[in-house]
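Since the structure comes first, as structure tokens, the remarks are kept for the end.
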Amino acid sequence: MADGRDERGSEAGGTAGTSRRGFLQGSLVGAAGATLVAGTRSGTAKAAVGGGSDKVAVVCTVNGRDQAVTVGADEATLDTVRERLGLTGSKPVCRAGTCGACTVLVDDVPHCSCLLPAVALEGRSVTTIEGISAKGLHPVQRAFMAEDALQCGFCTPGFIVEAVAFHDAWRAAHGTTEPTDDQVAAALAGHLCRCGAYPQIYRAVQAACRGEHDARDPIAPRHDAREKVTGAARYTVDIRPDDLHHAAVIRSPHAHAVLEALDLAPAEGMEGVVAVTRFLDDGGRVRFAGQELAAVAARTPAIAEAARKAVLDAARFRVEAHVLDFDSALAAGAPVVFADARKKDLPSAAEGPVLGAKMEGNLRGPTSSSMLGKPGRADKKLEAAHAAGRVAQGTYETQVQVHTALEPHGAVAHWHDAGPVERGELPRPQLDLWISTQSVEDAAHDAAERWKLKADDVHVHAEYIGGGFGSKAVMSMEAVVAIELSKLSGKPVRCVLSRAEELTVGGNRPAQRQDVEVAWTADGALDAVRSVGHANSGAAVGMITGMIARLLYPSDDKRMEDYDVLTHGPPGKAFRGPGGPPAIFALEQVVDDVARTRGEDPIALRRRWDEHPGRLRLYDWIEGLPAWAQRESGGEGRYREGTGLACGSWFTFIARKVRLQLDASADGILASTAAQDMGNGSRSLVARSVAGVLGIHPQDVQLRFGHSDDVHGIMSAGSRTAASLGPAAVDAAETLAQEIRDAAADQLGWADAEIAAGGLRHEGAVVPWKDVLSRTGAISVIGKRRKDPGGYFIPFAVGGLNIGKVLSGAVQATRVEVDTWTGKVRVIGSWIGLSVGRIQDPVLARSQVQGGVVQGISYALYEERRLDPTTGQNLTRGMDDYRIAGIGDIGPIEVRFDDPDGATGDFAGVLGGGVGIGEVCTVPTAASIGNAVRAATGWRPTHLPIRPDRVLEGLS
Amino acid sequence: MIHFPKTLDEAAGLSGSVRAGGTDLQERRHLGLDTASLVELRDVPGMDGIELDETHLHVGAGFTVHGLSADQRVIDGFPGLAAAAGGLATPQIRHRATVGGCILQEVRCWYYRHPDLVCLKKGGATCLARQGDHHFHSCFQLGPCVAPHPSTLALALLAYDAQCELDDGTLLDMPTLLGDGTDPRRTHALPSGRLLKAVHVPLGEVGERAAYGRAISRARAEWPLVEVIARLWVDERKGTVTAARVAMGGVANRPLDLPAVAEALVGQEPTDEVLAAAAAKAADGAEPLPGTAYKVGLIPGAVRDILTRARDANLDQQPADDGSGAATPHGLPRPPGGG
């Protein structure tokens, strides 16, 4: 018998009464698990291996094909399928079995391939996402497409592989009965999605199990959904040019130190190392643990890692005292983080330009925006209001939140000499850069400037980006490392952050301390507001929470001061709604206290204080919700429920330089721009806008995104995409239609031609665009983002952005359950209303809003970056320790758009009639949860995250 | 270097890190925490069986955690063990992780797992967590290392009085296998050179009501702040508890048996008040660190939760293999999903 295990099985028979030893020696009866752990395997592989070796020959089946591979003893299956077999659909994210992005089937059972030794594959059958896709789309893939159960797509292959196994087993056992939410959540508990596509994932898995996607491939609302559900979408981490070399970064293990000596020789002498570079000179100052000191490039990741370690082991530091928190940083005699740096060297944690401020020790501020309005009058009013007992106040502290995009920061740089040469010109160096970025255009510009290259000679590519959330807006060190090492070596060099690096230096939302006072007049009007915010941005500056808090409840009588407190922590970065969630967590809980103190309904109070017309309408909707009617139903039992409400607003930013090119021919219509889609849906937006004008289907618009060589694009940040790129696409399509009509009239003599849905109306019939184009020849146009009819807040652009006169608005009600025994807060449901004007793409807009709420829940209840107080080293380096919300944590999320057709005209001043939604939808969530916990328990959480220990302390 | 022994005896004669499912070891090797030779058990036969006889459940050390949670004989006869197996980690991990590997895994302490830091466990001079950030650490002090014991199965098997069989036939009870926690370098006390071959779990009295659960912030897939297993037997006629077994993890560097809690239940009618009073004893003897003082307050609620769930366990209702043993109490509102 070929398989020894069958032999033994038949011998022992698995009968009851087998002796203990007999059972252990022989029988292999029992549950499914018995087939999963390798028994003895036959075949040639073992003979080749012998007794002990570093390399192991493995024979297995991958996606139905026999494979003989030689693998390392420690090698993970993930690396085998990605690096050896080129199957890059399985994604590397956590490397610890937490996130599930690398899930593959082994003998039809889902496994985390990052933890599965490749040697265990001997005799096994492996199915990756590519294998699932090979025979056409699986019903689960169709369902994910149809329900828009994905955004950036980086977690999607893992979810699909798991859901396929679940679906197939479920259908076999239960037919087309729908699994419950809880059953789906249990099955997918080993997967994490940072974009927050969970609500749609529930729907997709359930729809597939109901048998609704057995027959036909759907038309997905998301233009690039098929690429993402099949694993075909190629992200920066999937780019593997020939002769690829690998970088490793030498980082400081100390939070504050002087680098006394860093010797690169140990790395330079190593076989396989092709380049070494340093970023901090001897004598230079280290300001956070994780700071980049030097980098190496080598033929293999293992050599690069060995070289990294050799350099770090030989490095000498003079360690100095560090400060990590507010109190120690502001204490007398505290070490000063930026004592000897010039102002322009200060890294920015802001999304826009850093506002001016004075700096003293580690305290920077108040920023110049603090002087807006009449702060002096606010102080006087507050003094009087305090005397009259008409002030609510509180101090609120929020934690450091890490962006945690599932695709880490990564870059592949290839510096080469093969530039186009005109007669009489010298060959110019060319840089091709694949990078996970929110702006291919800015990355190209920054690279050209830093390395003194001509703009035309830098080619940046980012076709797919596995999430950014603000962390990938500006060029960061992974790009510098890859480019510099490629320049030195002439080899393509890849620098991809490990998850530990990503969670340390990938960027973060600074910790915040907000002191807020809100005063009201005798007749209940808003009297004055004072909000003093301190941001612990690590070794960075520029937070503006006061500016955000100012957006609610218009009044001149506000003192909104912002300070940065510099510490020896990894620098903060702009993070989805920078400053928003912490600012609103404080302000909206104090406003809730105003209503409580006055014995007034919180919505009734806001109806008087709030002037945002859309939000005023949305209050009607909230008031009609059963969850709102029972908002204070806590009681005295173990579980207490309550509903809280909070508002948010965000700026309208418009990037008017954005262009969209359309190349139309008989072969189709191609839209291109130097923009990118990081999961926010910019591809779909363009396709839909163009298709809408031309009367064709969005999937009939081809797209080229993510290449800096194309016409002026846009950074995916600051909620600017919809209001900027959408109108440019409409303009391009209108221009194209006009030009085709003109060409038909001029060249074909169709004097009667009129633009119609789907083509030109000519002699009573509509001739499709492509038929017209086959006769006129190809036509290319470039669409512009024209001026907004309503003008701007200030007449000129700042940093390439015009600021619209209107603010977006959000209001969220969240219902929670608090377990008074264990301190656990569970979100029962969320209802979020958005006033953003016309919605260009309802399905994708809803997905993005739900994702913002998921991130807000995650921020409010779970996430917390923690540094070791002794060394300043990041302790939350893996996704077990840095906790983001899972599929079972979110509850239903209902989204309501106030004015999806733009009928009210509130946003008519903005071209297109609507504004962005990406940030405003995540701003109120944490505050609404704070108010919900207060409603449920009578205790008000003042610190995030609202952990079990804090709840128990608060209730005791 | 990797070895592929063909028998357990051969494996026991090799030195190096023993790899079964690899779910813990692979991560530690990826982090550079383990660099020894590998003794890969892939080709060792007969480790992955499970069998029930008149007196015991016999589980091979290579049997999977998922298998334990899904086997009807375990669900029927050892409901707390099945619930614990189904309530740990994630579905993918449970499918790969073995019973032996789960018992013998290393701690999840973020100092231990940090490649740049040398803690007591890695041969350093002090426990870095004691003086540092120990929010997730112990509140009972059994020894210098304050990393909580990571194994949910070790906790459950302790509560089920399991015997562990080594490759040479030696039988150790769980307290002996795990050790007393005084040696900071070791997370168990498996004798040097020996391998864990199987666990043997004695059949309990009929009528067991059991529950397992963990206090965590999210719904699932999180290392416990406190985890509890409870086994109760109630005299249906008298309505009193005839026997009880309660144990707790996440709070010390070894799982803790809680005989005082069990004693407080026996002979009593398991009313809410009786369960609460018994649960309150679970924190007796705690010596928390500054950052784990909250656990002393959390323990009574967490234990009371599991005692209540054990009492209310529907003897006819089988726990579902959905991992919800960690978070979804029977008879309580289920967490709603999305959409």
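Note that these values count all heavy atoms, side chains included, but never hydrogens, waters or copies made by symmetry. Here is the naming used below: chain letters follow the sequence lines, and residue numbers restart at 1 for every chain.
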### Note, R877(A) side chain near P115(B) side chain (heavy atom, < 4.5 Å)
yes
### Query
Heavy atoms, side chains only, cut-off 4.5 Å: are D880(A) and W223(B) in contact?
yes
### Task
Select one option (side chain, backbone, both, neither) describing which atoms of T35(B) are under 4.5 Å from chain A's heavy atoms.
neither
### Task
Identify which part of E222(B) has an atom lying under 4.5 Å from any heavy atom of chain A, answering side chain, backbone, both or neither.
side chain
### Task
May I ask you to check if R883(A) and F136(B) form a cation-pi contact, with NZ or CZ under 6.0 angstrom from the six-membered ring centre and within 45° of the axis?
yes
### Task
For residues A189(A) and R220(B), report the shortest heavy-atom separation together with the two atoms involved.
CB-CD, 3.6 Å
#### Entry: Nearest non-hydrogen partners of A219(B) and K824(A), listed with the distance
CA-NZ, 4.2 Å
### Message
Is V119(A) in contact with chain B via its backbone, its side chain, both, or neither, using a 4.5 Å heavy-atom distance?
### Response
both
### Student check: side-chain heavy atoms of H111(A) and Q92(B) closer than 4.5 Å
no
### For R866(A) against D133(B), the heavy-atom pair lying closest together
NE-OD2, 2.7 Å
### Rounded distance [0.5 Å steps], CG in L117(B) versus OG1 in T871(A)
5.0 Å
### Query
In terms of heavy-atom proximity below 4.5 Å to chain A, should R304(B) be classed as side chain, backbone, both, or neither?
both
### Message
Let me confirm one number: the CG-OG1 distance from L192(A) to T90(B), rounded to the nearest 0.5 Å.
### Response
9.5 Å
### Task
For residues H114(B) and Q873(A), determine if any side-chain heavy atom of one lies less than 4.5 Å from a side-chain heavy atom of the other.
yes
### Query
For the atom pair CG (D24(B)) and CG (L115(A)), what is the distance rounded to the nearest 0.5 Å?
9.0 Å
### Message
Before you tell me yes or no, could you show the steps for K295(B) and D949(A) under side chain to side chain contact (heavy atoms under 4.5 Å, CB included), namely the whole-Å CA-CA distance, both residues' side-chain angles and the distance that decides it to 0.1 Å?
### Response
CA-CA 8 Å; K295(B) 286 197 177 184; D949(A) 60 301; over 6 Å; no
### Message
Quick check on I299(B) against chain A: is it the side chain, the backbone, both or neither that has a heavy atom closer than 4.5 Å?
### Response
neither
### Query
Any sub-3.5 Å donor-acceptor pair from D116(B)'s side-chain atoms to P253(A)'s backbone N or O?
no
### Query
Hey, which of E894(A), E147(A), E953(A), E162(A) has the most heavy atom pairs under 4.5 Å with chain B?
E162(A)
### Separation of R950(A) CZ from S217(B) OG (nearest 0.5 Å)
12.0 Å
### Query
Is there side-chain contact between I2(B) and V56(A), with at least one heavy-atom pair below 4.5 Å?
yes
#### Entry: Heavy-atom contact with chain B under 4.5 Å, split by part of R95(A)
both
### Message
So for R19(B), is it side chain, backbone, both, or neither that comes closer than 4.5 Å to the heavy atoms of chain A?
### Response
side chain
### Task
Rounded to the nearest 0.5 Å, what's the gap from SG on C94(A) to CD on E27(B)? Could you check?
8.0 Å
### Query
Is there a side-chain contact between V106(A) and R96(B), using heavy atoms and a 4.5 Å cut-off?
no
### Summary
Looking only at D889(A), T822(A), L875(A), most heavy-atom pairs under 4.5 Å shared with chain B are made by L875(A)
### Message
Heavy-atom count check: over 12 atoms from other residues, nucleotides or ligands less than 6.0 Å from D272(B) CG?
### Response
yes
### Query
Top residue by heavy-atom pair count (under 4.5 Å) with chain B, among D74(A), T870(A), N874(A)?
D74(A)
### Query
At a heavy-atom separation under 4.5 Å, does Q131(B) approach chain A through its side chain, its backbone, both, or neither?
both
### Query
Is it the side chain or the backbone of P948(A) that comes within 4.5 Å of chain B heavy atoms, both, or neither?
side chain
### Task
Answer yes or no: is there a side-chain heavy-atom contact under 4.5 Å between Y111(B) and D868(A)?
yes
### Query
E75(A) versus chain B, heavy atoms under 4.5 Å apart: side chain, backbone, both or neither?
backbone
### Query
Quick one: of R108(B), H30(B), E40(B), who has the most non-hydrogen atom pairs under 4.5 Å with chain A?
H30(B)
### Task
Find the distance between CH2 (W821(A)) and CG (L298(B)) and round it off to the nearest 0.5 Å.
12.5 Å
